[in-house]
Amino acid sequence: MKTRITELLGIEYPVVQGAMARIADGGLAGAVSEAGGLGIIACGGASPEWIREEVARARAITDKPIGINVMLMDPRAAEVAELVCELGVEVVTTGAGSPANYMAAWKEAGVKVVPVVASAALAARMERLGADAVVAEGTEAGGHIGELTTMALVPAVCAAVSIPVIGAGGIADGRGMLAAFALGAEGVQCGTRFLTVEECSVHEAWKEKVLAAKDSDTIVTGRGTGHPVRGLKNKFARECRKMEMAAKSGEELEGMYAGSLARAVAGDVENGSVMAGQVAALVTERGCAADVIRDMVREAEALAGRTLDELAALNSRRERA
Ligand SMILES: O=C(O)COc1ccc(-c2c[nH]c(CNC(=O)Nc3ncc(Sc4ccccn4)s3)n2)cc1
């Protein structure tokens, strides 16, 4: 299929795998890219050596474009930003901040720059600085989030920029993909849906928690630190909320979060930060990266070919899950 996103990124399907810190490695990114989407290696909290290794792993799996993600709250963001140019990845995405300081160097190096934004203002700023596209990520997403929902944010960003917009946050199947396109997007980014695929190396306990999640099983912690993070409800999340209700100081709260992601990655899904989006409730299968992408596009195109009457008739015959 062809959209400005497939053309810009040199990919077959406008489906980007979201960067999930300490989870999205070269194996997952390589598989997603080989399947025709865009795989992204998440560099939040990663060492330059790990990043080099994972880019090499992805290159061994596919000769299609891959991306790396710079998490801008990471103290080593500047070092990772240099690696973007040195390693010759085709695409860089960024999160949790503004990549203004690095844009010129990335553009100079011919890298496609696709910042994740949580507001129309930031999207417009990114376009002015030369971004090739933006990911408009709604608060439904897992991990570090903004405040606006995908339903509100995507149309607002589309109205603010002329570059193509990728919708993200709460998208896990063809229905979500079609909804994002209806809102103005020309591509989608999914994170949570890729957590359970066989190529994702996240701990089995994390996968099982996602597969068992209900719609009300995610919670936002860290608003007190100014860095809200969505994850699955567990002992850690309840303790965070208690600390925040007790209006503990920023330093005490920061202390809570340090190491929380690493604990979850190691399989401690009760005392760690098990990041996942609200759409975890829709993720009930494992599968593989290629099936996720193919099924999502097929379902979106099948639904798009129908009139509203036909969609309503389909919905009226819905079977309870
Ligand atoms: O206005 C500005 O200057 C920047 O404001 C922004 C505000 C929010 C965002 C934003 C929202 N969502 C994203 C992209 N998503 C993400 O970056 N999600 C992430 N999840 C986990 C991450 S690593 C981590 C580890 C431990 C604790 C917290 N985070 S990064 N960026 C981007 C920019």
Side-chain angles (χ1 to χ4, degrees), residues 1-9 11 13-20 37-38 40 67 69 91-99 112-129 131-194 215 218 220 228-230 275-283 292-293 296-297 299-301 303-304 308 311:
M1 69 182 279
K2 184 175 174 181
T3 78
R4 283 195 295 170
I5 289 299
T6 59
E7 296 296 285
L8 171 73
L9 304 180
I11 55 180
Y13 303 110
V15 179
V16 177
Q17 161 249 309
M20 299 174 280
L38 180 74
I40 303 274
N69 174 272
V91 185
V92 59
T93 69
T94 65
S98 165
K112 300 292 182 207
V113 182
V114 185
V116 177
V117 297
S119 71
L122 181 62
R125 204 153 81 228
M126 292 297 103
E127 181 179 45
R128 283 196 298 276
L129 289 170
D132 296 283
V134 289
V135 176
E137 183 190 78
T139 194
E140 298 91 327
H144 181 89
I145 49 171
E147 292 298 324
L148 292 173
T149 63
T150 302
M151 185 75 91
L153 179 65
V154 172
V157 168
C158 291
V161 300
S162 309
I163 52 177
V165 176
I166 296 167
I171 299 168
D173 60 19
R175 297 173 298 181
M177 180 174 195
L178 179 57
F181 275 59
L183 293 170
E186 296 166 67
V188 294
Q189 178 177 278
C190 304
T192 304
R193 179 58 194 92
F194 284 109
D215 55 346
T218 71
V220 177
V229 169
R230 184 180 301 284
M275 297 182 186
Q278 289 181 326
V279 84
L282 294 188
V283 180
V292 166
I293 294 170
M296 186 179 291
V297 171
E299 183 184 27
E301 290 189 325
L303 290 172
L308 285 179
L311 287 174

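In this chain, numbering begins with 1 at the start of the sequence shown.
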Participant: Rounded to the nearest 0.5 Å, how far does OG1 of T6 lie from CD1 of I11?
Facilitator: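 One finds 6.5 Å between CD1 of I11 and OG1 of T6.
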Participant: To the nearest 0.5 Å, what is the distance between CG (L9) and CD1 (I166)?
Facilitator: 6.0 Å
Participant: Mind listing the closest non-hydrogen atom pair of A160 and A124 along with its distance?
Facilitator: O-CB, 4.1 Å
Participant: I would like to know whether Q278 and D215 meet side chain to side chain contact (heavy atoms under 4.5 Å, CB included); could you show each step before the answer?
Facilitator: CA-CA 6 Å; Q278 289 181 326; D215 55 346; over 6 Å; no
Participant: Which pair of non-hydrogen atoms, one from A133 and one from P115, has the smallest distance, and what is that distance?
Facilitator: O-CD, 3.2 Å
Participant: Is the shortest heavy-atom distance from the side chain of I163 to the side chain of V134 under 4.5 Å?
Facilitator: yes
Participant: With distance as the sole test, does T139 use its side chain to make a donor-acceptor pair with the main-chain N or O of G146 at under 3.5 Å?
Facilitator: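 Between the backbone of G146 and the side chain of T139 there is a qualifying donor-acceptor contact (under 3.5 Å).
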Participant: Per the side chain to side chain donor-acceptor pair (under 3.5 Å) rule, what does the pair list look like for residues 148-163, sequence neighbours excluded?
Facilitator: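 Counting only pairs at least two positions apart or across chains, the side chain to side chain donor-acceptor pair (under 3.5 Å) contacts touching residues 148-163 are E140-T150.
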Participant: Can you name the side-chain hydrogen bond (donor to acceptor under 3.5 Å, both in side chains) partners of E147, sequence neighbours left out?
Facilitator: R223
Participant: Are V135 and V117 packed together at the side-chain level, in the sense that at least one heavy-atom pair is separated by less than 4.5 angstrom?
Facilitator: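 Heavy-atom side-chain distance check fails, nothing below 4.5 Å.
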Participant: Which atoms form the tightest heavy-atom contact between A180 and I171, and what is the distance?
Facilitator: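 Of all heavy-atom pairs spanning A180 and I171, the closest is CB-CD1, 3.8 Å.
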Participant: Within the side chain of T192, is there an N or O that forms a donor-acceptor pair under 3.5 Å with the backbone of V279?
Facilitator: no
Participant: Can you name the residues that form a side-chain hydrogen bond (donor to acceptor under 3.5 Å, both in side chains) with E127, not counting sequence neighbours?
Facilitator: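 Checked E127 against side-chain hydrogen bond (donor to acceptor under 3.5 Å, both in side chains); zero matches.
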Participant: Using atom types as modelled and distance alone, determine if a side-chain donor or acceptor of R230 lies under 3.5 Å from a backbone N or O of A141.
Facilitator: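 Checked: pair present.
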Participant: At what distance, to the nearest 0.5 angstrom, does CG of L311 lie from CG of L178?
Facilitator: 7.5 Å
Participant: Could you check if a side-chain atom of V92 sits within less than 4.5 angstrom of a side-chain atom of N69, using non-hydrogen atoms only?
Facilitator: no
Participant: Assess the residue pair Q17 and R193 against the criterion (side chain to side chain contact (heavy atoms under 4.5 Å, CB included)); give the C-alpha distance rounded to whole Å, side-chain angles, the decisive distance to 0.1 Å, and a yes or no.
Facilitator: CA-CA 9 Å; Q17 161 249 309; R193 179 58 194 92; over 6 Å; no
Participant: Heavy atoms, side chains only, cut-off 4.5 Å: are R4 and E7 in contact?
Facilitator: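 Counting from C-beta outward, R4 and E7 never come under 4.5 Å.
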Participant: Any non-hydrogen side-chain atom of M126 less than 4.5 Å from a side-chain atom of S98?
Facilitator: yes
Participant: If only atom types and distance count, is the side chain of Q189 paired as donor or acceptor with the main-chain N or O of A168 below 3.5 Å?
Facilitator: no
Participant: With a 3.5 Å distance limit and no angle check, can you tell me whether T3 reaches the backbone of E186 through a side-chain donor-acceptor pair?
Facilitator: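 Confirmed, T3 side chain pairs with E186 backbone.
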Participant: Could you tell me if the side chain of V15 sits less than 4.5 Å from the side chain of V297, heavy atoms only?
Facilitator: yes
Participant: With no hydrogens and no angle check, is any side-chain donor or acceptor of D132 less than 3.5 Å from a backbone partner on V113?
Facilitator: yes
Participant: Write down the atom of T94, the atom of P99, and the distance for their closest heavy-atom approach.
Facilitator: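 In terms of heavy atoms, the two residues are closest at OG1-CG, 3.5 Å.
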Participant: Check whether any side-chain heavy atom of M296 lies under 4.5 Å from a side-chain heavy atom of D173, and answer yes or no.
Facilitator: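 No, too far: nothing below the 4.5 Å cut-off.
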Participant: Closest approach of V220 and P228, non-hydrogen atoms and distance?
Facilitator: CG1-CB, 3.7 Å
Participant: Do V292 and F194 come close enough that some side-chain heavy atom pair is under 4.5 Å?
Facilitator: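 A side-chain contact under 4.5 Å exists here.
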Participant: Determine the minimum heavy-atom distance between G174 and E299, stating which atoms define it.
Facilitator: N-OE1, 2.6 Å
Participant: Nearest 0.5 Å please: distance from the CD1 atom of I145 over to the CE atom of M275.
Facilitator: 10.5 Å
Participant: Rounded to the nearest 0.5 Å, what's the gap from CZ on R175 to CG on L303? Could you check?
Facilitator: 8.5 Å
Participant: Measuring from E137:CD to H144:NE2, what's the distance to the nearest 0.5 Å?
Facilitator: 8.5 Å
